[in-house]
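Proteins come first, then strands; the chains are lettered A, B, ... in the order of their sequence lines, and each starts at number 1. When reading the values below, keep in mind they use all heavy atoms of this one structure, side chains included, and skip hydrogens, waters and symmetry mates.
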2 protein chains.
Amino acid sequence: MSLRHAVLGLLVDKPASGYDLMKLFNTSLANVWPATQSQVYGELARLAAGGLIDVAAEGPRGRKEYALTDDGLAELRRWLAEAQPGQQRSAALLRVFFLGVLTPEQAVHHLAEVAEQAASDHARLRQLQDSLDWDEEGMLTANGRLALEYGLRLHAMREEWAQWAAQQLTATTE
Amino acid sequence: MSLRHAVLGLLVDKPASGYDLMKLFNTSLANVWPATQSQVYGELARLAAGGLIDVAAEGPRGRKEYALTDDGLAELRRWLAEAQPGQQRSAALLRVFFLGVLTPEQAVHHLAEVAEQAASDHARLRQLQDSLDWDEEGMLTANGRLALEYGLRLHAMREEWAQWAAQQLTATTE
DNA sequence: TCCCGCATGTAATTCGTTACATGATTGG
DNA sequence: CCAATCATGTAACGAATTACATGCGGGA
């Protein structure tokens, strides 16, 4: 149930329409919490029904600008302080578990691909970081930088691990 | 659609019933791809209907032992070689993005909790590692060890990052 | 004999993806 | 005037969670 909180979080800064929110989901939040248009519009309707947001203004083309209500802000604060489970699925790790089904050569090749993918993800984020460093806008960007650093460390870790794992496999095989 | 492949993967080793599989999901795969009983039984029925597994034996209490078919093994191999997207949601990172909504003190406190959580996750996996090192069973455990190492590195990284992030916040505030 | 573990399933609900459908406005 | 962008929504499906429902069999 976190899409709900992503929407609330984006509305803290300023009121926005579903269309505006989609742009934010496709840029700032793309790496952290992707969402589709259907989902966003549906969630906006539900949030409005629950009184966590309301329509602050209407514009052309049926545009509805939603703003956070006091209840909405309270709910966001509550969620932010909440403990987190941490349990998550990983298709990548699932593949590793069953790597024994492939030949050792295929398995090593697969791990090399994982390393490459991690390296390219890392490069992509580094590029994003460079483009972000120039403008200095508010809190969202500041905390976005923390999230970005997490991503950088994660992908570096993934790459090193994949290389290590490939080496483990070749060592065992020999 | 990876639950399907988790089931196929577990059946490579030896035939098993839904009940058997649930035990495996709650032990070996618990950290990587948790699944519920409903899901497993449903997927077994679908896989059998699709010819990827079949009922190899029936036992007491209506027990059905499923075994991998050639088609099933082929599908598993296909999936293993497949490229991976890597895109994944992270509620933890989403929280970081909106940390500016809290007071700096609350935010730092939250990051400290994240660090603690990571440390405890790390400790749990280290314990698992110790208990696993004694028995030496087949491929599944060998590759499970690679997955375990990933988890260890991940949680170490999470802890360090959370500490770094907390420091960033206190440095900026002062 | 009685309880615990084995063993299977269904139902209801939520979340997320993909695809479809439709229309208004504005700038060139 | 016409195309790109703005803007909203519905439908169908698949994946996951939680809760419910039922019953056999074997060991103490």
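Between the P atom of D:dA15 and the CG atom of B:Leu44 lies a distance of 15 Å, rounded to the nearest Å. Taking atom CG of residue B:Leu3 and atom C1' of nucleotide D:dG14, one finds them 12 Å apart after rounding to whole Å. The distance between atom CD of B:Gln39 and atom C1' of C:dT14, rounded to the nearest whole Å, is 13 Å. Taking atom CG of B:Asn26 as the reference point, atom C1' of C:dA7 lies 15 Å away to the nearest angstrom. Rounded to a whole Å, the CG atom of A:Leu94 is 11 Å from the P atom of D:dA16. The nearest whole Å value for the distance from the CD atom in A:Gln88 to the P atom in C:dG16 is 14 Å.
At the phosphate of C:dT17, OP1 or OP2 sits under 4.0 Å from a side-chain N or O atom of B:Arg89. Residue A:Tyr41 places at least one side-chain N or O under 4.0 Å from the OP1 or OP2 atom of D:dT8. Of the side-chain N and O atoms in B:Tyr19, one or more sit less than 4.0 angstrom from OP1 or OP2 of C:dC6. The shortest distance between the side-chain N/O atoms of B:Lys23 and the OP1/OP2 oxygens of C:dG5 is not below 4.0 Å. Checking the phosphate oxygens (OP1, OP2) of C:dA7, a side-chain nitrogen or oxygen of B:Arg63 falls inside 4.0 Å.
A ring-ring contact (aromatic ring centres under 6.0 Å, His included) with B:Tyr150 is found for one member of A:Trp164, A:Trp161, A:Phe97 and no other, namely A:Trp161.
Looking at which nucleotide of DNA chain C each of A:Gly62 and A:Ser2 is closest to, the 5′-most match is held by A:Ser2. Between B:Ser38 and B:Arg46, the residue whose closest nucleotide on DNA chain D is further toward the 5' end is B:Arg46. If B:Tyr66 and B:Arg61 are placed on DNA chain C by their nearest nucleotide, the residue sitting closer to the 5' end is B:Arg61.
Using a distance-only test at 3.5 Å, with no hydrogens or angles considered, a donor-acceptor pair links the side chain of A:Thr69 to the main chain of A:Leu52.
Across all strands shown, A:Arg4 has no heavy atoms under 4.0 Å from either base or sugar-phosphate atoms. Nucleic acid contact for B:Met22: none, since no nucleic acid atom lies under 4.0 Å from a heavy atom of the residue.
A:Arg63 and A:Asp20 are joined by a salt bridge, as a carboxylate oxygen and a charged side-chain nitrogen come within less than 4.0 angstrom of each other. Ionic pairing of B:Arg95 and A:Glu82 is present here: one or more N-O contacts between side-chain nitrogen and carboxylate oxygen are shorter than 4.0 angstrom. In summary, B:Glu58 and B:Lys64 do not engage in a salt bridge, as defined by a charged side-chain N under 4.0 Å from a carboxylate O.
For B:Met1, taking side-chain heavy atoms from C-beta onward, the closest of the listed nucleotides D:dT8, C:dG9, D:dA15 is D:dA15. In the set C:dG16, D:dA16, C:dT8, the nucleotide with an atom closest to the side chain of A:Trp33 is C:dG16.
In terms of polar N and O atoms assigned as donor or acceptor, the side chain of B:Gln37 comes within less than 3.5 Å of the base of C:dT8 in a complementary pairing.
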